[in-house]
Amino acid sequence: HLELDETTAFAASLSLCCTRAVLCLGSLPAPWSHIAMVSTAIAFTGKSRPLTSTGISWEVSIRSLPALKGVVLWVGVVFPKHGRHLDFSRETIREVLAPFASSLEQQQENALIQRFIRSDWQIVALGSNGCTWGCGLGGRSFCPPLTTGDCVRVLLDVPGRTLSFGINGGPIHVASSRLHERGASPRMHGIVYLTDVSSPMEGLPVNAEVQVR
């Protein structure tokens with residue numbers, strides 16, 4: 001059983017059991033109005049006892065997702081670069097999300113990639129647009145677009161340096177086979193975040209709801 005961390009929910013509200021979250025774009029003032037995020041309360045490390053024979057696994061069910069151009073829900077992991085063991089708290093959330101915080105003129109894809117390259121944090125995720133992003137992946141096509149009612153299974157193997165996804169009970173496929181540097185055991189955190197940085201919208205707020213288990 002996996003719960004979200006209410007102390008690190010950013011522009012999001014959690015259910016009492018901390019397994020459901022509503023992510024709300026536009027609930028915070030600029031430059032944070034185009035990002036919302038929740039993370040797991042568990043810090044995964046290479047020495048953690050795996051929950052499955054091949055790694056640590058959890059599911060994210062999409063309970064509600066607006067079908068709006070540019071609005072993408074992302075499911076994946078975040079971790080400090082270079083194997084550093086940095087704490088993940090409310091104070092570091094803004095540091096993790098700092099590449100998203102920019103003026104609308106700076107929210108082009110190339111500028112966003114450059115800001116993530118300079119960041120101390122690495123995000124690797126599968127988007128509801130069907131693409132994986134992060135850790136040198138670029139915007140690779142992975143699956144058909146996701147929508148309300150779909151379920152994403154995440155499989156994280158820290159010693160094997162892989163992150164894999166399965167959709168709606170289907171086969172698990174590797175999205176990243178070189179997740180982190182060889183020999184490193186970075187502190188991993190599962191995340192779900194909602195953005196519209198690729199096509200900033202007017203008329204916010206926009207909400208999406210997920211359940212993690």
Side-chain angles (χ1 to χ4, degrees), residues 1-5 8 12 17-21 23 37-65 67 71-81 83 88 96 116 121-195 198 208-213:
H1 178 66
L2 193 65
E3 290 190 352
L4 298 166
D5 186 353
T8 57
C17 60
C18 291
T19 60
R20 294 185 185 181
L23 300 99
M37 176 178 171
V38 287
S39 72
T40 64
I42 302 173
F44 304 129
T45 70
K47 297 181 180 179
S48 297
R49 186 165 67 97
L51 303 183
T52 72
S53 60
T54 56
I56 300 169
S57 179
W58 66 97
E59 288 185 345
V60 177
S61 298
I62 303 174
R63 299 178 61 86
S64 176
L65 179 63
V71 174
V72 182
L73 182 74
W74 298 89
V75 176
V77 296
V78 60
F79 56 94
K81 293 179 180 176
F88 197 67
V96 171
F116 268 108
W121 294 87
Q122 180 68 63
I123 294 177
V124 184
L126 170 65
S128 58
N129 57 3
C131 295
T132 53
W133 191 86
C135 204
L137 295 177
R140 296 180 184 175
S141 178
F142 185 85
C143 66
L146 306 175
T147 188
T148 299
D150 286 332
C151 181
V152 179
R153 173 165 289 277
V154 186
L155 179 61
L156 171 64
D157 181 356
V158 175
R161 301 195 298 157
T162 63
L163 181 67
S164 307
F165 299 101
I167 310 299
N168 296 328
I172 302 290
H173 297 289
V174 174
S176 176
S177 58
R178 297 180 181 178
L179 190 60
H180 53 80
E181 295 177 357
R182 187 180 299 275
S185 295
R187 191 182 301 275
M188 295 278 183
H189 303 266
I191 57 167
V192 181
Y193 65 102
L194 185 69
T195 71
S198 62
E209 183 178 355
V210 297
Q211 180 168 9
V212 179
R213 58 181 184 271

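Side chains included, hydrogens not; waters and symmetry mates left out as well; all remaining heavy atoms used.
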* To do: Might you point out which heavy atoms bring C131 and S141 nearest each other, and give the distance in Å?
  => SG-CA, 4.1 Å

* Structure fact -> What one should report as the nearest heavy-atom pair of I62 and L73 is CG1-CD2, 3.8 Å

* Straight-line distance of Q122 CD to K81 NZ, nearest 0.5 Å -> 5.5 Å

* From the options T19, L4, V38, select the one residue that forms a side chain to side chain contact (heavy atoms under 4.5 Å, CB included) with V212. => L4

* To do: Could you pull out all residues at least two apart from C143 that satisfy side chain to side chain contact (heavy atoms under 4.5 Å, CB included)?
  => L126, L146, I167

* Given side-chain contact (heavy atoms from CB on, under 4.5 Å), test L155 with F165 step by step and report yes or no. => CA-CA 6 Å; L155 179 61; F165 299 101; over 6 Å; no

* Which heavy atom in I172 sits nearest to a heavy atom in S164, and how many Å separate them? -> CG2-CB, 3.4 Å

* Picking from L179, I191, T132, what satisfies side chain to side chain contact (heavy atoms under 4.5 Å, CB included) with V124? -> L179

* **Within-4.5 Å side-chain heavy-atom neighbours: Q211 and C17** => no

* Structure fact -> Distance col, row S176:OG vs R140:CZ, nearest 0.5 angstrom, shows 8.0 Å

* Describe, in one word, how the ring planes of F142 and H173 are oriented to each other, choosing from parallel (under 30°), tilted (30 to 60°) and perpendicular (over 60°). => perpendicular

* Structure fact -> d(T148 OG1, R63 CZ) to nearest 0.5 Å is 10.5 Å

* **Contacts of type side chain to side chain contact (heavy atoms under 4.5 Å, CB included), residue A208, not counting sequence neighbours** => L65, P66, L194

* Please examine the side chains of Y193 and V78, heavy atoms only from C-beta on, and report whether any two atoms are closer than 4.5 Å. => no

* Asked: Do the side chains of P145 and N129 get nearer than 4.5 Å, heavy atoms only?
  -> no

* Asked: How many angstroms lie between CE in M188 and CG in D157, if you round to the nearest 0.5 Å?
  -> 10.0 Å

* Decide yes or no for W58 and L156: does some side-chain heavy atom of the first lie under 4.5 Å from some side-chain heavy atom of the second? => yes

* At what distance, to the nearest 0.5 angstrom, does CG of L23 lie from CD of E209? -> 9.5 Å

